[in-house]
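Okay, structure first, notes after.
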Amino acid sequence: METFSEIFLPQRGSTGAADVDTLFHFIHITGFILLAGITIAIIYFCIKYRRKSDDEVTPIITHNANLEITWSVIPLILILIVFSWGFRAYLTLYTPPSDAFEINVTARSWSWEFTYPEGGSSLGELYVPANRPVKLIMRSEDVIHSFAVPDYRVKMDVIPNRYTTLWFEANEPGTSQVFCTEYCGTGHSAMLAEVIALDEEEWEEWLETGLEVDEDMPLAELGEQTYTGASCNACHSVDGTPSVGPTFQGLYGTEREFEDGTTATADENYLRESILDPQARITAGYPPVMPTLAGSLSEREIEGLIEYIKELE
Amino acid sequence: MSENHHVVPLKTLLYNAGALLVLTILTVAVTWLHIPEPFNVVVAIGIACIKASLVAMIFMNLYWDNKFNTIVFLSSLVFFLVFVFITLLDTLFRDVPFGIY
Amino acid sequence: MANEASAKVKIREFPIEENPPKNYLNWEKGIKSWIFTKDHKRIGIMYLGAITTFFFVGGMLAILLRLELWEPAQTFMSADTYNHIFTMHGIIMVFLFIIPSIPAALGNFFLPMMIGAKDVAFPRLNLLSLWIYAFGALFALYSVAYGGVDTGWTFYTPYSTETTSAVISMTLGAFIIGFSSILTGLNFIVTLHKMRSPGLTWGRLPLFCWAMYATAIIQVLATPVLAITLLLLIMERLLGIGIFDPALGGDPVLYQHFFWFYSHPAVYIMIVPAFGVISELIATFSKKTIFGYWAIALSSLAIAFLGFLVWGHHMFVSGQSELSAVVFSFLTFLIGIPTGIKIFNWVATLYRGSISLKAPMLYALAFLFQFTIGGITGIMVGALSVDVHLHDTYYIVAHFHYVMMGGTVFAFLGGLHYWWPKMFGKMYNEYWAKIASGVLFLGFNMTFLPQFLLGSQGMPRRYFNYLEPFQGLHQFSTVGSWVLLVGFLIVAIYLLHSLLRGAKAPSNPWGARTMDWMTPSPPTHHNFDYSPVFKHGAYDFHEPISEFTYGIEGSDEGLHKDHGETDEVDVKQGPEVNDK
Amino acid sequence: MANSTEVAEKNPNIQHHFVDYEQQFESSKLGMWLFLVTEILFFGGLFVAYIIYRAWHPDLFIMAAEQLDTTMGAINTGVLIASSLTIAMAIRAAQLNQKRNLIILLSSTIVLAFTFMVIKYFEYTHKFHLGIYPGEFYTYEGIDHELASVFFSIYYMMTALHGIHVIIGIVFIGWLIYKASKNRFSDQYYTPVEITALYWHLVDIIWIFLFPLLYLID
Ligand code: HEA
Ligand code: HEA
Ligand code: CUA
Ligand SMILES: [Cu+2]
């Protein structure tokens, strides 16, 4: 059953997943039986009652009330089952337990920021305790996004003018993919993140130290992490392919030309300005769409990014 | 041909217009009474509905006309109400926690 | 039934003249005789040309989409281009192709003929609707020329109010095309009520007409809401009226209500005409009375009505209240019942029929298979908890291609082949048609079956980039789209060939019993040169065809030389009587 | 479809595909009613927006409606009712072959319609003067509610769309007068008068609802 299930569905990462999966399989199997019945009947009739001569006469069979009732009532029963089942599971999916651990989520084009009750925040990586309900309180800074974790079978739109919530309970430590599933423009498909479920020990430890940036990590490595975490990759490639923004490959040290005709060399100061105040100088040939990252990146992360860009020859 | 078309008597038309004007004055007048929410809305819409039916039945001839035209007209209201009430089912109940069902 | 003598009218048989020299195609010549025509048949043909063109464009855009998805990240176009292309693909396919497809092309041509009328009730409005369509299409093209749009075909706010792409001209185009759809629907309702020939009671009406009637009701009731939605969206961009824009205090979820209040009923504007075509195909190619006539006829109306109550199933995770989500889910399921009734009645019609597997019938059978898959997966995503997982993934993409492409487009192809001889007076190549239908069936399922798997494994839709593990299925799907392309090319080639040098078509090559076949192929300018009278129902295959060619004695003004049988009927059962 | 050409010769107003005048008249009327249905749902969208926002922010509607001039609204209601009366009488005139009356009544309908528009013009300019513009251009400070501009957006959308319908009505009625002066209408053929009147009454009905909903909130 487990392997059968995995052909269709991703691994079950949350406590709520099993119920959803069972309903999914129930509808598939029932649907398949219905489909098979219809298909076999069609094929059988087409063979058996093939036209043999052009002047064949067919019987006049106009209707049959019993049949009509049968094939209305059986589907009716099926949909009542499916409805109440889906309804019940939906109820659990959207009723967070009162003791859930609360984390705030801020979505912006095109990155996810997670703020923890202790005050710290992380970009692109959501750390949660396993085996404990977690409630996300979500808000968007611009357009509608949608927070989806297929492994957990959860999804909820994140909208600009009010909070939406979502809860889940990871059933084992591990990493799961987060997608943005409401179309939000150019970087929609790059608006990814990860949920990292930690076991109790790791979680305690992470709460203590995790929010502080790892001082020992080499700057360039931190920069690489931030590059995906802050979704720079939504617009900037590192292998030379053109995208929304200029590629980072070989960017450092080159002569930049701006929309207003001026030029400058891409040195550290210029890179810092581009990150913190992107609209100050717009590189020629590109739209002025880059969001400012002032405020959501730490000083060390900015340095890391600059270091990372410098290393991309 | 037009023998079987209904010619509305002049008096009926005039009385109808008179009734509409009276109702207009009435609907303004009741606002001076300051009926409490939500009944003021009910009264205002009630009067508007009566006025609209008068226009539809007398001026627009529905009273004498093929009944199918009335069905067509009413169906638009039915679907409008569907639109309103189902949307309200969302907008009025956004803050109601799910647990209560 | 105390018949007054005056209600009796002398009727006689009018044997059909095969391929007369004058028909609606050569009745008048020159481009003006086309663009200013009020003939419903010519208008239908022009619509057919237009929608085929747009289907081709939309299809080629789809081929590009699939090509781009060959590899994760960039294969050959940028993310922005991709977003523009899937938006254009959706908009073209929905507003310019599928909504007008069956009603405006096949419906315009055959609905009046099926009821024995000379034209629709308002021929000028009909022409106006074509022009409005063309005008709206021009706006859409203008918008493409000015950079296109990248909002998705749903134009969700606030993205659509913030993006820099040419949203206003595109929405204006859709707004305008909406009016063309309204006019078609309005015309059909009046035509069916007031223009039926004597003897054509509601119970004898071909099911295609019933389907068009249900569709027309939706068009008239739902499309105005699309108009006001798009108008408000335009105003939101122009003036910032703040009804939908959260930045100004508006509510983006309200926009979604407005949009889907139209767009869910619109999916039944797309599929119900297809149901009508399928009813005709199944009955004719089984040569058998349709099983459950009233069940099929009335279930169309039930679907039309229920279709207005379920729009919120597109918004289960949008942040609407949970109460409404539950209500919407429940109502959504109810639609499965009338739809199921149709499917089962069609299958029952096959029982003890005389089944001829000509190309149109092959399309009809493929429709049954594919639409059932599409419908049942619709039930799947209507289930609240499951839709949370599947919403906005490729499962949805697969669901709606199964109903729209596997359902409507296949029914449209079936109808196109079925009526081709009547429309153009030429037969197509049956051998190649069968091969093409097989190729299309294969290609279609190759393209979209894997997408169910992609979606249930979590692959989101409208994604330019995807994760490595999804690549295999994506590539399979892309290969499928090439098979589809080949299939369509075969169709295009043999149909063109048929136009140019196909064999002359007889008046009734399939032995159908509906009135549209009781006239030469192609039909004469006024459809019938006499006033037809209906003696039997549309599916009375036990009656010889000659029983269906009766008309009022003398109404041909002496055109017909050979005189068939005469009879007398009570024409009081005409349309006027039925209405009251 | 018996002998349609023959009938058509008798009455040039019957198009070739109709059997007789009755069928054509009934068809046109049903067509118009269906069109009115689309109009109702078109405006219906705005009414839905109105209802939703009113249910959310009742205080906003009470505050903002004070800026609307009830007297002018009430007068305009009367004006439209009168115009409905004149156009209904116009049908009667056509049915009774009173050409002179027909033209007079249609003309008075137009005069009343213009009166309506003039009053609307004064209402609008007064608001513009205060800085009450739709949407982002709203600058008025007198209403202490952050969504004041949304109320007026709804107000402007509804009344402007209604006003456009009035103008379209004026054009059609003008065309009727022209045709009437050419003796085109009689008891044998007055379909255009009938269906234009239906349209005009609907414009009236919509105003009948707009008036209490927008002006009479307390
Ligand atoms: C032709 C168009 C068409 C048709 C006919 C349908 C038919 C149906 N659709 Fe689909 N749908 C779309 C086009 C269509 N849809 C589109 C375009 C979208 C995506 C829009 C977007 O976001 O871009 C969509 C999305 C969509 C969603 C939203 C998913 C999401 O975004 O999360 C849902 C959810 O409920 C849904 C449900 C249904 C249902 C229940 C039906 C039913 O009508 C199906 C009924 C048919 C059957 C059930 C099969 C036959 C019946 C039997 C064999 C009897 C036995 C049946 C039972 C036991 C139930 N559809
Ligand atoms: C009628 C509706 C319709 C039809 C027919 C199709 C047909 C196809 N669609 Fe489309 N699709 C939509 C409606 C439709 N689509 C909508 C509404 C969306 C959502 C957009 C959005 O998200 O906003 C969508 C989205 C969509 C996506 C998802 C994009 C994304 O989310 O990232 C994909 C990806 O594979 C896709 C692929 C295809 C393919 C391969 C076909 C193929 O079946 C096409 C095959 C056709 C051809 C190859 C043309 C060949 C034609 C000729 C040669 C002319 C001869 C013709 C005749 C004689 C009749 N479509
Ligand atoms: Cu954010 Cu898609
Ligand atoms: Cu839907």
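Letters A, B, ... are given to chains in the order of the sequence lines, protein chains preceding strands, and every chain is numbered from 1. Below, each value reflects all heavy atoms present in this structure, side chains not excepted, and no hydrogens, waters or symmetry copies.
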Side chain from CB out, backbone as N, CA, C, O: work out which of these in [X] comes under 4.5 Å of a heavy atom of chain C, or both, or neither.
| X | value |
| --- | --- |
| A:Asp55 | backbone |
| A:Ile61 | both |
| A:Asp21 | neither |
| A:Leu192 | side chain |
| A:Ile74 | neither |
| A:Ile159 | side chain |
| A:Val57 | neither |
| A:Arg162 | side chain |
| A:Leu67 | side chain |

By a 4.5 Å heavy-atom criterion (distance strictly below it), what part of [X] contacts chain A: side chain, backbone, both, or neither?
| X | result |
| --- | --- |
| C:Phe291 | both |
| C:Gln370 | neither |
| C:Tyr395 | side chain |
| C:Ile341 | both |
| C:Glu162 | side chain |
| C:Phe285 | backbone |
| C:Leu390 | both |
| C:Leu334 | both |
| C:Thr377 | neither |
| C:Thr151 | backbone |
| C:Ala247 | neither |

Hey, does the side chain of [X] reach the backbone of [Y] with a donor-acceptor pair shorter than 3.5 angstrom?
| X | Y | answer |
| --- | --- | --- |
| C:Ser286 | C:Ala283 | no |
| A:Ser237 | A:Asn233 | no |
| A:Lys155 | C:Val388 | yes |

Could you check whether [Y] and [X], counting side-chain N and O atoms only, form a donor-acceptor pair closer than 3.5 Å?
| X | Y | answer |
| --- | --- | --- |
| C:Ser165 | C:Asp150 | yes |
| C:Ser354 | A:Thr58 | no |
| A:Ser5 | A:His25 | yes |
| C:Ser299 | C:Lys342 | yes |
| C:Thr332 | C:Ser329 | no |
| C:Asp540 | C:Thr289 | no |
| C:Ser318 | A:Asp157 | no |
| C:Asn83 | A:Tyr183 | yes |
| C:Asn445 | C:Tyr402 | yes |
| C:Ser160 | C:Thr157 | no |

Relative to chain A, which of [options] shows the most heavy atom pairs under 4.5 Å?
| options | answer |
| --- | --- |
| C:Pro252, C:Gly382, C:Gly340 | C:Pro252 |
| C:Ser78, C:Ser356, C:Gly152 | C:Ser356 |
| C:His542, C:Met459, C:Arg462, C:Met380 | C:Met380 |
| C:Phe541, C:Tyr156, C:Tyr293, C:Tyr82 | C:Tyr156 |
| C:Met361, C:Arg461, C:Met315, C:His391 | C:His391 |
| C:Ala295, C:Gly375, C:Ala79, C:Gly319 | C:Gly319 |

### Query
Is the number of heavy atoms from other residues, nucleotides or ligands under 6.0 Å of A:His63 NE2 greater than 12?
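No.
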
So which residue, [options], ends up with the most heavy-atom pairs under 4.5 Å with chain C?
| options | result |
| --- | --- |
| A:Ala89, A:Pro59, A:Pro160 | A:Pro59 |
| A:Gly86, A:Cys184, A:Cys235 | A:Gly86 |
| A:Lys48, A:Arg50, A:Gln11 | A:Arg50 |
| A:Val73, A:Thr165, A:Asp54, A:Val20 | A:Val20 |

I'd like a table of donor-acceptor pairs (distance under 3.5 Å, sequence neighbours excluded) in which one partner is a side-chain atom from residues 174-182 of chain A, with atom names and distances.
from, atom 1, to, atom 2, distance (Å)
A:Ser176, OG, A:Asp151, OD2, 2.8
A:Gln177, NE2, A:Ala193, O, 3.3
A:Thr181, OG1, A:Ser146, OG, 3.1

What pairs of donor and acceptor atoms, side-chain ones from residues 30-46 of chain A against any protein atom, are under 3.5 angstrom apart with sequence neighbours left out?
from, atom 1, to, atom 2, distance (Å)
A:Thr30, OG1, A:Phe26, O, 2.4
A:Thr39, OG1, A:Leu35, O, 2.6

#### Entry: OG1 on C:Thr284 to CH2 on C:Trp510, rounded to 0.5 Å
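Those atoms lie 10.0 Å apart.
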
